[in-house]
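Worksheet for the structure shown next.
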There are 2 protein chains.
Amino acid sequence: MFSIVQAMGNPNRDQEYLGKLQDYYADYRSIPSYAVIGDMLGMASKSAVSALIKRLTLAGYVEMTPDKRLAPTKRFFERELADFPIPAGMPAAANDAMSESLTIDEYLIPKPSNTIMVRVKGDSMIDAGIHDGDIAIVEKRHAASVGDIVVAVVDNEYTLKELGRDRQGYMLLPHNADYAPIRPQEGLEIFGIMVGLVRKYR
Amino acid sequence: MFSIVQAMGNPNRDQEYLGKLQDYYADYRSIPSYAVIGDMLGMASKSAVSALIKRLTLAGYVEMTPDKRLAPTKRFFERELADFPIPAGMPAAANDAMSESLTIDEYLIPKPSNTIMVRVKGDSMIDAGIHDGDIAIVEKRHAASVGDIVVAVVDNEYTLKELGRDRQGYMLLPHNADYAPIRPQEGLEIFGIMVGLVRKYR
DNA sequence: TACGATAGAGAACATTCGTTCCATAAGGGT
DNA sequence: ACCCTTATGGAACGAATGTTCTCTATCGTA
């Protein structure tokens, strides 16, 4: 077998180097020259950097563009997803058994072309863990099932609610005791269904 | 006055050039050399490219990294963000939500090498809108402030709680009436602080 | 402890980089 | 039609790039 980890000579060291490269790229959206990389990583020679880049290329973290410029690959942006409890050793150990790699975008947005993000306003869904200021990932479509959290058009306004139904027909259910269910007068237009949530702290 | 548009000599032309650069960057996550850019845009001389880059820099679409490497700015990605087909009435909210970021990863993870994702177990934080199965974005560090939601080590186990404090010292506050605050016996080890949350429906 | 593999230092090298200067073509505005 | 600004072509140049080679230090393993 030939795993990613094995492709990198000294996993720990290279993982650390990769981390610094990722941080730099996060700041500047560009990969610096070998000289600068060496400087950044504490290497005194470009040949060491050259070797490192070869290893990272083999491992699939970076690649050459058709113009022979160094560029990050998809894997460059992936993160480890660990389950509780976190193993004692920690620093993002590449343990395939209990962790998988993915980017958040990939995880939440399977169909980019008809997915939009909407900032949530108000507390009407707070009991569903959807807070004011959160970002809802919404997949646009006109059909929804009972129980889905949907973005619907009511009275020319967009609202985020759970789609409910009883003998009298469809309705929109807030998740907050202070709000009452909404029974649309003249039909209910579904704009899309909520497929994900993103919240940022601080 | 001095507007962005005025900063670009021939707006239409430069806009077209910018578009091609954006397309290239979308493909390879890297900006090619002046020679290649010229080739790509149908320019025969690098001096023309040099001038173009000066204009784009002035207009705020690209910039030089501290290492004098060309890199896209936030504004460089404007098009893709503005492209969201936002229906009338669906306020700029969608834009404003992440206006400064191209991807959710970028939005939530400023320090990739320091950040891990952990799947939340249990509902001890459910009143803070953190549910079982959600993914917590955790920035690793040992210092935290009261009020932060932290991943702490208690009895050799990792927990996610709010960091609290009273006269008797620090403690960990669940957000669920069924759970009691935790007062660590022998010191409190902070593993990291929660900086983001990601949830996927269905 | 000795061995083998490998990361890294250091220097030399051809290539490519982006800048700069000047000349020319193309528009836009009066 | 004129001028004046500006985009582009073309060539020359010094600086910086990444590769390659040899040599040394380090670390894991037998």
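Just so you know, these numbers use all the heavy atoms, side chains as well, and skip hydrogens, waters and symmetry mates. Each chain gets a letter, A, B and so on, in the order its sequence line appears, and its residues count up from 1. Just so it is clear, the structure is predicted and the values come from calculations on it, not from any experiment.
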Check: Please walk me through it: do B/K161 and B/S124 pass side-chain hydrogen bond (donor to acceptor under 3.5 Å, both in side chains)?
Finding: CA-CA 8 Å; B/K161 298 282 182 300; B/S124 68; 3.2 Å; yes
Next item on the list: Indicate whether OP1 or OP2 belonging to D/dT8 is found under 4.0 Å from a side-chain N or O atom of B/R55.
Entry: yes
Check: Just how far, in rounded Å, is P of D/dT17 from CD1 of A/I37?
Finding: 11 Å
Notebook entry, point to check: Ion pair present between B/K46 and B/D39, side-chain N to carboxylate O less than 4.0 angstrom?
Noted result: no
Margin query: For a quick check, with a 4.0 angstrom heavy-atom cut-off, what is the B/S/- contact string for nucleotides 14-27 of chain C, read 5' to 3'?
Written below: ---SBBBB------
Check: Given atom CG of B/D39 and atom C1' of D/dT8, what is their separation to the nearest angstrom?
Finding: 15 Å
Note to self: Please determine whether a side-chain nitrogen of the Lys or Arg among A/R29 and B/E106 lies less than 4.0 Å from a carboxylate oxygen of the Asp or Glu.
What the structure shows: yes
Margin query: Tell me the interatomic distance from A/M40, atom CE, to C/dG8, atom P, rounded to whole angstroms.
Written below: 14 Å
Notebook entry, point to check: Whole-Å distance between D/dT17 C1' and A/L70 CG?
Noted result: 12 Å
Check: Toward the 5' end of DNA chain D, which comes first, B/M43 or A/K68, by nearest nucleotide?
Finding: B/M43
Note to self: Checking B/Y28 now: which residues fulfil ring-ring contact (aromatic ring centres under 6.0 Å, His included) with it, not counting sequence neighbours?
What the structure shows: B/Y24
Checklist line | With A/Y17 via ring-ring contact (aromatic ring centres under 6.0 Å, His included) - residues at least two apart | finding: none
Checklist line | Whole angstrom value for the distance that separates C1' of C/dT6 from CZ of A/R13 | finding: 13 Å
Notebook entry, point to check: At under 4.0 Å between heavy atoms, what does B/A44 touch on the DNA or RNA strands: base, sugar-phosphate, or nothing?
Noted result: sugar-phosphate
Check: Does a sphere of radius 6.0 Å around NZ in B/K111 hold more than 12 heavy atoms from other residues, nucleotides or ligands, not counting ones at 6.0 Å or beyond?
Finding: no
Next item on the list: For A/I53 and D/dT17, give me the distance from atom CD1 to atom C1', rounded to whole Å.
Entry: 13 Å
